[in-house]
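Residue numbers run from 1 in the order of the sequence given.
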Amino acid sequence: MSGVDGVADAGREEPKVADGQAGPDAAAEPIGPGSDGPGAVGVPQGRDEDAVGRFVERFASELAEAGMQRMAARVFAALLVSETGSMTSAELASALRISPAAVSGAVRYLSQVNMVGREREPGSRRDRYVLHNELWYETFTNRDRILTRWEQVMREGVASAGGPGTAAGARMAETAAFFTFLHGELSQLMDRWREHRTTLDLPPIPPR
């Protein structure tokens with residue numbers, strides 16, 4: 001789905017930060033031992049924080065290559081590898097050595113693409129940013145809805161271009177047909193994944 005993600009993410013600007021704060025293109029510093037980042041509290045036996053930091057930066061680079069904003073990719077990777085799948089803004093800022101403004105911009109982007117949610121800590125005014133229970137299912141289902149909207153717009157475009165008999169109309173008709181095909185295949189793929197998941201040694205999906 002990297003092609004769809006790249007188009008869907010096109011035009012989004014990296015969050016702007018004030019002078020003196022770490023911006024999206026600031027040099028990445030790996031998460032290190034003793035940080036407030038992934039695994040800092042209740043670290044599981046065998047967890048290697050240096051290796052965790054390298055994973056965060058490597059996976060973030062892969063996501064950025066696929067079209068995701070660089071800072072959002074780092075925040076997402078940090079959440080993914082955290083033991084609880086959730087962190088506060090302060091924890092993310094400390095773990096990734098970035099400014100609160102950069103965290104805010106990254107989380108806003110991740111929320112817009114339905115990859116991260118927000119929860120209020122019990123008895124606190126602090127928010128925690130959390131991964132969805134069925135992260136990839138939610139993400140691809142959201143892409144499925146986007147494909148439906150694109151298909152509708154393309155079909156309107158065919159009519160506005162004079163119908164499928166024109167060069168422009170034929171081009172957009174083919175695009176609409178591709179989106180229709182992809183929409184159907186993606187829906188079936190997600191259903192097959194849920195069925196396949198039951199055969200794996202994975203923990204049950206927590207209730208929403």
So does Ala161 get a backbone contact from the side chain of Thr166, meaning a donor-acceptor N/O pair under 3.5 Å?
yes

State, to 0.1 Å, how close Val75 and Leu92 come at their nearest heavy-atom pair, and which atoms those are.
CG1-CD1, 3.9 Å

Calculate, to the nearest 0.5 Å, the distance between atoms CE and CD belonging to Met190 and Glu185 respectively.
11.5 Å

Output the distance between atom CG (Leu200) and atom CH2 (Trp193), rounded to the nearest 0.5 Å.
5.5 Å

Do Ser160 and Glu156 pass the side-chain contact (heavy atoms from CB on, under 4.5 Å) test, and can you show the C-alpha distance, the side-chain angles, and the key distance before you say yes or no?
CA-CA 6 Å; Ser160 69; Glu156 293 172 4; over 6 Å; no

Ion pair check, Glu57 and Arg70, cut-off under 4.0 Å
yes

A side-chain contact here means heavy atoms from C-beta on lying under 4.5 Å apart; do Glu91 and Arg128 qualify?
yes

With a 6.0 Å cut-off (strictly less than), is the heavy-atom count around CZ of Arg197, excluding the residue itself, greater than 12?
yes

What's the shortest heavy-atom distance between Val103 and Ser89, and which atoms?
CG1-OG, 3.6 Å

Would a single hydrophobic cluster contain both Leu189 and Phe181, if residues Ile, Leu, Val, Met, Phe, Trp and Tyr are joined by side-chain heavy-atom contacts under 4.5 Å?
no

Hey, is Arg47 close enough to Glu49 for a salt bridge, meaning N to O under 4.0 Å?
yes

Side-chain touch Met71/Ile98, heavy atoms, less than 4.5 angstrom:
yes

Kindly indicate, with the supporting measurements, whether the criterion side-chain contact (heavy atoms from CB on, under 4.5 Å) is fulfilled by Val107 and Met87.
CA-CA 11 Å; Val107 168; Met87 298 175 72; over 6 Å; no

Chi angles and distances behind the side-chain contact (heavy atoms from CB on, under 4.5 Å) call for Arg126, Arg120:
CA-CA 6 Å; Arg126 295 193 307 175; Arg120 180 61 55 90; 5.7 Å; no

In the structure I gave you, are the side-chain heavy atoms of Glu174 and Met154 within less than 4.5 Å of one another anywhere?
no

Angle between ring planes, Phe55 versus Phe59, binned at 30° and 60°: parallel, tilted or perpendicular?
parallel

Do Leu182 and Ile146 share a hydrophobic cluster (ILVMFWY, side-chain heavy atoms under 4.5 Å, transitive)?
yes

Could you report the tightest heavy-atom contact between Ala60 and Ala73, atom names first, then the distance?
O-CB, 3.5 Å

Rounded to the nearest 0.5 Å, what's the gap from CZ on Arg155 to CZ on Phe179? Could you check?
11.0 Å

Ser86 vs Tyr129 side-chain heavy atoms within contact, under 4.5 Å:
no

Does the side-chain contact (heavy atoms from CB on, under 4.5 Å) test come out yes or no for Met115 and Met68, once each step is laid out?
CA-CA 12 Å; Met115 296 181 75; Met68 183 182 287; 3.6 Å; yes

Is there side-chain contact between Thr180 and Leu147, with at least one heavy-atom pair below 4.5 Å?
no

Would you call Val130 and Val116 a side-chain contact if the rule is heavy atoms closer than 4.5 Å?
no

Ring-plane angle category for Trp136 and Phe76, please: parallel below 30°, perpendicular beyond 60°, tilted otherwise.
perpendicular

Determine whether Arg171 and Val158 make a side-chain contact, defined as any pair of heavy atoms from C-beta on separated by less than 4.5 Å.
no

Within this structure, what is the NE2-CZ distance for the pair His183 and Arg149, rounded to the nearest 0.5 Å?
11.0 Å

Ser187 side chain near Asp144 side chain, heavy-atom distance below 4.5 Å:
yes

When rounded to the nearest 0.5 angstrom, what is the spacing between CG in Leu79 and CG in Leu110?
7.5 Å

